[in-house]
Visitor: 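Just passing along the structure, written as structure tokens.
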Amino acid sequence: MTLALIVLLPFLAAAGLAFLPRTDDTAPRTVAAGTTFVVLLLAVRMFWQFDTGQAGYQFVVIIPGLGADALGIQCRLGVDGINAGLLLMGAIVAFAAVGVTRDIVRRQKEFFLLFLVMTGGILGAFASLDLFYFYFFHELALVPTFIMIGVWGRGEERNYATFKITLYLSLGALIALIGLIALYLQMPPDQRTFDIPAMTQYFAEHRMESGAQQAIFPALMFGFGILVSLWPFHTWAPLGYGSAPTATAMLHAGVLKKFGLYGLIRIAVPLMPEGAKQWLEVLALLCLGNILYCGLVAMRQKDLNLLIGNSSVAHMGFVFLGIASLNLVGVTGAVVIMIAHGLLAALSFALSGYLFHTAQTLEIARMGGFLKRLPFIGTALTMAMLAGCGLPGFANFVGEALVFFGAWKTYPAITGLACWGALLIGAVYMLRAVRSILHGPLAEHWNQIQDVPHAWAKLPFAVLIFTLLLFGFFPRLLTEKIRPSAEVVVQLANREGDIRTRGGQGTIAAAAGSISKSQNRRLSVPPHPGPLPGGEGQGENSRSESRASRPRTGAPVSDPAQTPVSKESRRIGDRRSEVHGQGERTIQTSRRVNTAGEAAPRQ
């Protein structure tokens, strides 16, 4: 029920706002602040109660009345190690965003109504275990973005930015939709379902045809990539964020942009391993465009919002690189960066929004010496820029370090260039912005600017900084939750062929079975499409044994015929096959074992 409340409360609050009079300027902000605060408390509770050692979904719930059983659609929500941190991050950013909406002075009722719908859509997309609602919730969050930029945006290019971001994101969403429909159609008509864990189990048992994978995976990769601002489809992002209201930029750049990355990890990579291995090399090359090109563009920016926007696009390159590594360390680092960057992007846009509200400009050349008049904002901006540089102590450092370690073995040249971009290019534009804005002489016309006046106004910045430092000093709060679920994704992505036709299927079967069994235990639905071989009787005690005997990622799977047999199983007896000549004749024999454990000679 906790997860259902996290998703539904913003929608219920938005519905309540619709009945308030437009003349009331206080109630909409109060309702939004109260709703996001309750959602934050529920998200913290869910994150704290999450069972770290379990790979399956938890807090699984079905919202009745929202679905179509005939089409296999249900509004089913669940959490595992990959999306638990994303939901917490989304709740934190939403609460912080409400606290920096001082620039919204007209049509407050409509703004906060759209803001709550956007918040509910984001959280619903991350929590959905149904492919239909996974996409539906994202679109529900995307539409308010266009309206909020067009109505409450700022700058001379506001209308152009609205048109461009609408065009790009609609195109990306359409391409991703085509890929998702094609993926759904790959299942047999009598077994088709939108249930993501059931689809994962089915394609783990039945390998999708190679041609289908080579066609569907790039559709999802580029569709989701456009939504994430993958180079060279990134130009909508800096312009859109520069023109958006502060709260909208925080929520989209910090949270909604992670939808495409989450879709790659949750759906594209584990369900289509052959397509992933073929196309992720292309993704690894394109991510250099994000890291190097967008980093160099950020160095040339004269507007603080455009600098932060290009920096946000550059940081997405590290997540793409971690996903392309296809190993546990790299994928874990990618998820950590998604969470850390969401907090950092929200903090950076919140600070730029305060500077614009105070100084009525974001032109870096016109600023200088602001630290004398804005000690709190100046300190927070310095910490944000240092976090963007990957300074140890912040969560961003943990994620980037894991990605570099994970990607080095697979793509050493690309990883070396990415390190250069992170350490040098990123440090140049971040530290130069700190020097130009906060240090130097203070012009006389800036003597009237005021720092954050009271504790309530400081709370959004403090919450974001505290969370970045918390996960930076105690990264195991994230990594221990992410690891079991990321391990399942990596093993499914590195499998070879149909797991039912290969020896040693226990490793992959246990990984895929942990998905379905966890869900079946909570929802009491029959397995789909049937129990995996070797999965019978595998419970919590066997999970640790299978993990201990699990081969390295990408290593050949051992033959079960070479696995030591216990005395008890040998006492029962087994059937073995010996192939003679070229495999034309097979002789099946039975043997029984005496009490001393020695096999009787074959007849």
Visitor: Please indicate whether F37 has more than 12 foreign heavy atoms, meaning atoms of other residues, nucleotides or ligands, lying under 6.0 Å from its CZ.
Guide: no
Visitor: Q58 side chain to D51 main-chain N or O, any donor-acceptor pair under 3.5 Å?
Guide: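 Checking the backbone N and O of D51 against the side chain of Q58, a donor-acceptor pair under 3.5 Å is found.
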Visitor: Once rounded to the nearest 0.5 Å, what's the spacing between atom OG of S436 and atom CD of E363?
Guide: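 So the gap between those two atoms works out to 11.5 Å.
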Visitor: Would you say the side-chain atoms of T382 pair up with the backbone N or O of G378, donor to acceptor, closer than 3.5 Å?
Guide: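 Such a contact is found between T382 side chain and G378 backbone.
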Visitor: Locate the shortest heavy-atom distance separating N290 from V313; write the atom from each residue and the value.
Guide: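 Closest heavy-atom pair between N290 and V313: ND2-O, 3.1 Å.
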Visitor: Over all heavy atoms of both residues, which pair between V117 and P144 is shortest? Give the atoms and the distance, please.
Guide: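 Closest approach of V117 to P144, heavy atoms only: CG1-CG, 4.1 Å.
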Visitor: Are F259 and F134, when compared by the centres of their aromatic rings, separated by less than 6.0 Å?
Guide: yes
Visitor: Are T235 and Y168 side-chain neighbours, meaning at least one heavy-atom pair lies under 4.5 Å?
Guide: yes
Visitor: CZ of F163: more than 12 outside heavy atoms within 6.0 angstrom?
Guide: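 Check fails, neighbour count at 12 or below.
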Visitor: Run the numbers on F224 and Y262 for ring pair (Phe, Tyr, Trp, His ring centres under 6.0 Å), then give the verdict.
Guide: CA-CA 9 Å; F224 287 142; Y262 177 70; 9.4 Å; no
Visitor: Could you tell me whether a side-chain N or O of D130 sits under 3.5 Å from a main-chain N or O of R76, the two making a donor and an acceptor?
Guide: no
Visitor: For a 4.5 angstrom cut-off between non-hydrogen side-chain atoms, does I265 reach M338?
Guide: yes
Visitor: If you count heavy atoms of other groups shown closer than 6.0 angstrom to CD of Q49, is the number above 12?
Guide: yes
Visitor: Go through T200 and R266 one step at a time and tell me if the side chain to side chain contact (heavy atoms under 4.5 Å, CB included) criterion holds.
Guide: CA-CA 9 Å; T200 304; R266 174 70 74 205; over 6 Å; no
Visitor: I need the L261 CG to I82 CD1 distance, nearest 0.5 Å.
Guide: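 Here the rounded value is 12.0 Å.
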Visitor: Keeping the roles fixed (side chain from Y354, backbone from V452), state whether a donor-acceptor pair exists under 3.5 Å.
Guide: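 Judged by distance alone, yes, a pair lies under 3.5 Å.
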Visitor: How about F136 and I73: do any of their side-chain heavy atoms sit closer than 4.5 Å?
Guide: no
Visitor: Which pair of heavy atoms, one from A244 and one from I149, lies closest together, and at what distance?
Guide: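 Closest heavy-atom pair between A244 and I149: CB-CG1, 3.7 Å.
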Visitor: Can you confirm whether L17 sits close enough to Q108 that some side-chain heavy atom of one is under 4.5 Å from a side-chain heavy atom of the other?
Guide: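 They are not in contact (no side-chain heavy atoms under 4.5 Å apart), so the answer is no.
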Visitor: Side chain of R29, backbone of I104: donor and acceptor closer than 3.5 Å?
Guide: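 Yes, the answer is positive, given that a donor and an acceptor are paired below the 3.5 Å cut-off.
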Visitor: Give, for atom CD1 of I6 and atom CG of L42, the distance between the pair rounded to the nearest 0.5 Å.
Guide: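 CG of L42 is found 5.5 Å from CD1 of I6.
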Visitor: Shortest non-hydrogen contact from D451 to P375?
Guide: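 Looking at all heavy atoms of both residues, the closest pair is OD2-CD, 3.2 Å.
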Visitor: With sequence neighbours left out, write down each residue that passes ring pair (Phe, Tyr, Trp, His ring centres under 6.0 Å) with H252, or none if nothing qualifies.
Guide: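 Partners of H252 under the ring pair (Phe, Tyr, Trp, His ring centres under 6.0 Å) test: W236, Y241.
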Visitor: Whether the side chain of T35 engages the backbone of A32 through a donor-acceptor N/O pair (distance < 3.5 Å, no angle test) should be reported.
Guide: no
Visitor: Where does the angle between the aromatic ring planes of Y133 and F137 fall among parallel (under 30°), tilted (30 to 60°) and perpendicular (over 60°)?
Guide: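 Y133 vs F137 ring planes: tilted.
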Visitor: For the backbone of A253 and the side chain of K258, can you confirm whether one donor and one acceptor N or O come within less than 3.5 Å of each other?
Guide: yes
Visitor: Distance from S170 atom OG to L177 atom CG, nearest 0.5 Å?
Guide: 12.0 Å
Visitor: Given 3.5 Å as the limit, does a donor-acceptor pair link the side chain of N83 with the main chain of G78, or not?
Guide: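 Between the backbone of G78 and the side chain of N83 there is a qualifying donor-acceptor contact (under 3.5 Å).
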Visitor: Quick one, K302 and I364 - any side-chain contact, counting heavy atoms below 4.5 Å?
Guide: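 A side-chain contact is absent here, since even the closest heavy-atom pair is not under 4.5 Å.
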Visitor: Are the side chain of T479 and the backbone N or O of P475 linked by a donor-acceptor pair below 3.5 Å?
Guide: yes
Visitor: Show your reasoning for whether side chain to side chain contact (heavy atoms under 4.5 Å, CB included) applies to L306 and L362.
Guide: CA-CA 9 Å; L306 293 178; L362 287 176; over 6 Å; no
Visitor: Would you say F95 and T119 make side-chain contact, with heavy atoms under 4.5 Å?
Guide: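 Result no, sub-4.5 Å side-chain heavy-atom pair not found.
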Visitor: In this structure, are over 12 heavy atoms from other groups packed under 6.0 Å from R300 atom CZ?
Guide: no
Visitor: Under a 3.5 Å distance rule, please check whether H315 uses its side chain to pair with a backbone N or O of G388 as donor and acceptor.
Guide: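 Yes: the side chain of H315 pairs with the backbone of G388.
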Visitor: Is it the case that more than 12 heavy atoms not belonging to Q360 sit under 6.0 Å from its CD atom?
Guide: yes
Visitor: Taking the side chain as everything from C-beta on, heavy atoms only, tell me whether L264 gets closer than 4.5 Å to F320.
Guide: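 Yes, at least one pair of side-chain atoms sits under 4.5 Å.
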Visitor: Show your reasoning for whether side chain to side chain contact (heavy atoms under 4.5 Å, CB included) applies to F370 and L381.
Guide: CA-CA 11 Å; F370 277 18; L381 182 62; over 6 Å; no
Visitor: With under 30° as parallel and over 60° as perpendicular, where do the rings of F111 and F115 fit, or are they tilted in between?
Guide: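 The rings of F111 and F115 lie parallel, inter-plane angle below 30°.
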Visitor: With heavy-atom distances below 4.5 Å as the criterion, would you say the side chains of M250 and T246 are in contact?
Guide: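 Touching, per the 4.5 Å side-chain cut-off.
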